[in-house]
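Note sheet for the following structure.
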Number of protein chains: 2
Amino acid sequence: MVPKSVSKLVPKVPGVPGAGRRASYSASTKRALVDVAEQLFTEHGYSSTSLDLVVAGAEVTKGALYHHFSGKQALFEAVFERVEADAAKTIQQALRGRKDPWEKGLDGLRAFLEVVREPRYRRIVIQDGPSVLGYERFREQEERSTFANVLEIVDSVLDAGTWELDEAMKHTFARIFFGALSTAGESVTTADDPALEARRVEAAIGFMLSGLQALVEQDVELPNAFTTSGEEPDPS
Amino acid sequence: MVPKSVSKLVPKVPGVPGAGRRASYSASTKRALVDVAEQLFTEHGYSSTSLDLVVAGAEVTKGALYHHFSGKQALFEAVFERVEADAAKTIQQALRGRKDPWEKGLDGLRAFLEVVREPRYRRIVIQDGPSVLGYERFREQEERSTFANVLEIVDSVLDAGTWELDEAMKHTFARIFFGALSTAGESVTTADDPALEARRVEAAIGFMLSGLQALVEQDVELPNAFTTSGEEPDPS
DNA sequence: CGAAGTACGTACTCGCGGTATGTGAGTACG
DNA sequence: CGTACTCACATACCGCGAGTACGTACTTCG
């Protein structure tokens with residue numbers, strides 16, 4: 001049941017002399033812990049993964065774990081950050097080379113949909129992330145990784161128009177779009193026919209984008225009626 | 001630790017003191033458990049709330065809890081369902097009387113933003129829900145409460161157009177919109193100035209809606225280019 | 001009135017996160 | 001080159017909390 005050996009890059013057998021640096025041992029131990037933790041967290045979830053299982057998989061003891069991390073949550077955070085960083089990197093690569101904002105948006109969407117379908121991203125980031133880290137920390141982490149990419153896309157798309165939007169408004173737009181993308185990804189993953197649902201999602205998102213695009217090109221004004229937060233105007 | 005002088009024979013429902021019905025006791029006990037659990041789950045979160053604390057607050061023992069619920073998760077589920085049901089009811093009330101789809105959408109949005117700002121909804125449904133129930137069960141629960149309202153709104157909005165959309169496509173649309181609304185609500189709640197952010201959100205969502213509306217009124221075709229994973233259509 | 005069922009209460013187990021402390025290999029320094 | 005100090009763990013243990021086994025008073029029904 002317990003994964004016997006995940007990664008043993010450096011011989012940890014005591015008594016073996018040579019050029020084995022202590023810091024090197026330390027780094028590989030830490031990495032092994034994160035590797036195993038990522039695997040187990042993905043497979044069984046956070047709460048159902050015991051630290052005993054993690055340290056057994058990494059072939060160390062709890063002493064080693066608590067030397068490198070302050071506790072279970074800190075270990076999760078390390079795993080979380082790595083998964084998020086990988087996701088952001090994947091999306092980033094899909095974006096480079098694109099110059100047209102709309103193409104960029106669609107490519108970003110597709111890359112995002114791919115990322116969200118990864119089991120580790122679904123389980124660690126989407127499912128357990130908010131609960132374990134708390135919503136505040138969860139958002140902070142998102143802010144400087146995956147969300148940053150979405151913000152960049154939305155930025156470039158909105159800049160194509162002639163409006164003057166302040167940073168806060170762009171940020172709000174991006175957040176809403178980000179939420180739409182997240183659930184869209186989840187929708188794809190959990191669908192009976194993911195490929196078909198992916199096409200639907202692309203149609204829906206692309207449709208919203210084209211709606212935006214139409215407004216941009218027609219230089220439509222921002223609907224101030226929605227911003228007054230008071231009574232709605234007399235329906236015509 | 002454990003409440004020593006528990007009110008065993010004290011009727012928990014003021015009323016007929018002579019013929020204390022057993023079923024009445026049972027129902028009130030169960031309700032008390034859910035009430036206290038909702039409060040504690042909201043305040044401290046799921047994992048940080050011990051069952052000892054719950055039963056102490058409800059002035060019963062663990063025996064009573066495990067008589068009514070199969071465990072901690074089942075108790076959470078009961079709380080979750082009630083919070084979701086209340087939320088759905090609130091939104092439903094904001095919608096009744098409205099017949100214009102777009103107005104309905106905006107009113108629904110405002111009601112949703114209100115609901116999402118409730119601490120119990122944020123903590124129990126959004127934050128802890130996916131982790132405790134698992135994403136599958138979480139989605140199933142959403143499906144027949146809050147999301148149903150969003151689906152209804154999106155349905156009526158989309159029906160205003162002349163397209164023929166199948167149920168699956170409408171569902172996809174609704175899900176994406178639902179995701180957008182959720183993060184929008186969170187964006188409002190966690191903002192430095194919630195009122196201001198609420199105006200931004202309404203502007204952004206309303207803007208998307210008006211984008212849709214513009215397309216509907218112009219009877220624009222569905223952008224099939226997005227479904228075939230090709231280039232974007234030539235804007236005219 | 002007695003038997004069965006219900007609605008709890010009591011006492012206990014055990015897995016698991018966290019801690020206190022020991023220890024031997026590395027490292028700095030004189 | 002030896003010694004004092006530190007680092008990177010290992011071992012043993014604690015306490016909390018979820019879940020369980022079982023006892024018991026009250027209710028309902030034949």
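Being a predicted model, the structure only gives us computed values, none of them experimental. Each chain gets a letter, A, B and so on, in the order its sequence line appears, and its residues count up from 1.
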Give a yes/no on whether any side-chain N or O of H68(A) is located under 4.0 angstrom from OP1 or OP2 of dC9(D). yes

Can you find an N or O donor on one side and an acceptor on the other, under 3.5 Å apart, linking the side chain of K62(A) with the base of dG17(C)? yes

Would you say the side chain of F178(A) lies within less than 4.5 Å of the side chain of L151(A), judging by non-hydrogen atoms? no

Tell me the partner of dG30(C), counting only Watson-Crick (N1-N3 plus N6-O4 or O6-N4) or G-U wobble (N1-O2 and O6-N3) with both under 3.5 Å; none if nothing fits. dC1(D)

Integer-rounded Å distance: dA7(C) C1' and H67(B) NE2: 5 Å

Take the protein atom CZ of F76(B) and the nucleotide atom C1' of dG19(D), then report the distance between them rounded to whole Å. 19 Å

Indicate whether OP1 or OP2 belonging to dA8(D) is found under 4.0 Å from a side-chain N or O atom of Y25(A). no

So, does T61(A) get its side chain near the phosphate of dC9(D), meaning an N or O under 4.0 Å from OP1 or OP2? no

Here the distance between atom C1' of dC16(D) and atom CG of L53(B), to the nearest Å, is 12 Å

Distance check needed: dC8(C) C1' versus E59(B) CD, whole Å only. 15 Å

Calculate the interatomic distance between Y66(A) atom OH and dC14(D) atom P; express it in whole Å. 17 Å

On DNA chain C, check which nucleotide each of T49(A) and G63(A) is closest to and give me the residue with the more 5' one. T49(A)

Do D128(B) and F41(B) come within less than 4.5 Å of each other through their side chains, counting heavy atoms only? no

Contact under 4.0 Å: T29(B) side-chain N or O vs dC8(C) OP1/OP2: yes

From the set dG18(C), dA8(D), dC8(C), return the single nucleotide nearest to any side-chain atom of S26(B). dC8(C)

Side chains of H171(B) and E197(A): donor-acceptor distance under 3.5 Å anywhere? no

Figure out the CG/C1' separation between D52(A) and dC16(C), and round it to whole Å. 7 Å

Given dA10(D), dG17(C), dA18(D), identify the nucleotide with an atom nearest to the side chain of S50(B). dA18(D)

Atom pair CD (E186(B)) and OH (Y135(A)), whose distance is rounded to the nearest 0.5 Å: 4.5 Å

Among dG19(D), dC9(D), dG17(C), which nucleotide has an atom closest to any side-chain atom of L51(A)? dG17(C)

Taken to the nearest whole Å, CZ/F69(B) to P/dA7(C) is 13 Å

Report the distance from atom CG of L65(A) to atom P of dC7(D), rounded to the nearest whole Å. 19 Å

Show, in sequence, the C-alpha distance, side-chain angles and deciding distance for E136(A) and T190(B), and conclude whether the side-chain hydrogen bond (donor to acceptor under 3.5 Å, both in side chains) test is met. CA-CA 8 Å; E136(A) 283 307 312; T190(B) 59; 5.1 Å; no

